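Everything numeric in this text was worked out from a predicted model, so none of it was measured. Just follow the structure's listing: the first ligand is 1, and inside any ligand the first atom is 1. Scope of the values below: all heavy atoms of this structure, side chains included, with no hydrogens, waters or symmetry mates. We count residues from 1, following the sequence as given.
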Amino acid sequence: MTFKKVLATTAVALAMMSSTVSADEIKIGLVVKALGIGFFEAANEGAQEAAKELGNVKVIYTGPTSTTAEGQIEVISALIAQKVDAIAVSANDTDALVPILKKAQQRGIKVISWDSGVSAAGRKMHLNPSSNQLIGEMNIKLAADALKAADIASGDVAILSATPTSTNQNIWIEEMKKVLPNYSNLNLVATVYGDDLADKSYRETLALLKTYPDLKAIIAPTTVGILAAAQAGKDQGKIGKVFVTGLGLPSELAGHVDSGAVHSFAIWNPIDLGYAATMISYNLVKGNGSDSEIGMGRLGAAQLDNNGEAAMSEPFIYNASNVHKFADIF
Ligand code: RAM
């Protein structure tokens with residue numbers, strides 16, 4: 001090979017390398033409870049937006065196929081092997097992920113939880129979508145509002161949650177129970193778990209309707225659960241008799257609001273949540289921020305409490321007046 005040819009070949013090789021990898025690219029693993037959940041897909045949209053805005057950041061969107069801690073441990077191990085710079089996880093279990101996340105941190109990987117937290121030992125900080133107290137209170141108030149709008153004085157209500165080990169839902173249920181005594185017209189008869197799987201949530205709803213014939217409302221603080229419950233109620237001819245509420249996506253629930261199966265529901269912006277988690281992860285890698293404050297890009301700064309927790313924003317209520325406006329967004 002002539003000297004000229006060697007130079008040309010080297011130049012081509014270098015050009016190819018720089019177009020595929022760049023030495024200082026920051027890799028962030030965004031780990032979700034499970035793949036195929038609309039809420040997390042919307043969060044990924046925000047995460048990709050943040051990566052684009054930052055430049056030279058790659059977000060690896062990943063998660064198990066069903067909502068288990070075991071599945072997340074496998075996914076996190078793979079991210080450690082890939083030598084990512086940060087991991088941002090929405091956890092299926094508060095404690096089970098701690099050992100693997102500790103290992104990640106020992107290897108210099110910055111770890112945060114977002115949406116659904118892990119114990120403090122497993123992460124640097126946790127980003128709540130909103131105040132947990134507010135979310136709990138809002139879910140109960142939404143059920144009371146649905147009954148009121150239908151002129152139902154009082155009645156039995158049930159909670160359809162995600163998995164029994166889900167940090168976020170468990171905290172919200174606790175908060176709901178704290179305010180329930182203020183709603184003497186709501187009688188909580190059961191809490192059941194659909195595991196954030198559409199078919200299990202659907203079956204659990206059928207069982208609730210059968211076991212509690214006087215049920216007036218189902219509160220599902222999960223986007224998967226609320227959608228399945230609304231569908232099951234509709235299929236069982238319960239529109240106008242049993243109201244489904246909780247936390248859901250306008251894009252998934254607009255039809256059920258139209259049909260009357262859902263009077264109103266709440267959610268924060270899931271795109272913003274994924275964006276914020278990515279911005280925080282990046283800032284931790286870069287050493288930006290402090291123990292009390294860290295940047296979330298266009299969303300401003302997150303204020304951390306003594307437990308290393310922050311809240312992104314307020315949840316928003318959706319009903320017939322606004323659900324279609326937001327259905328195109330998330
Ligand atoms: C589901 C998940 C998620 C939760 C939302 C409201 O998508 O359980 O963790 O925040 O519902």
What does the contact table look like for ligand 1 (nitrogen or oxygen on each side, cut-off under 3.5 Å)?
from, atom 1, to, atom 2, distance (Å)
ligand 1, 7 (O), T223, OG1, 2.7
ligand 1, 8 (O), K33, NZ, 3.0
ligand 1, 8 (O), Q169, NE2, 2.8
ligand 1, 8 (O), D196, OD2, 2.6
ligand 1, 9 (O), K33, NZ, 2.8
ligand 1, 9 (O), D115, OD2, 2.5
ligand 1, 9 (O), N168, ND2, 3.0
ligand 1, 10 (O), D115, OD1, 2.6
ligand 1, 10 (O), N168, ND2, 3.3
ligand 1, 11 (O), T223, N, 2.9

Please output the side-chain donor-acceptor pairs of residues 80-92 that fall under 3.5 Å, not counting sequence neighbours, one pair per line with the distance.
from, atom 1, to, atom 2, distance (Å)
D85, OD2, K27, N, 2.7
S90, OG, D115, OD2, 2.8
N92, ND2, K33, O, 3.0
N92, ND2, T68, O, 3.0
N92, ND2, Q72, OE1, 3.4

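Using a 4.5 Å heavy-atom cutoff, the side chains of N132 and W172 are in contact.
Within a 6.0 Å sphere centred on NZ of K141, other residues, nucleotides and ligands contribute 12 heavy atoms or fewer.
Classified by interplanar angle (parallel below 30°, tilted 30° to 60°, perpendicular above 60°), the ring pair F39/W268 is perpendicular.
The CE atom of M138 sits 8.5 Å away from the CD1 atom of I135 when rounded to the nearest 0.5 Å. For the atom pair CG (N269) and CG (L249), the distance works out to 10.0 Å, reported to the nearest 0.5 Å.
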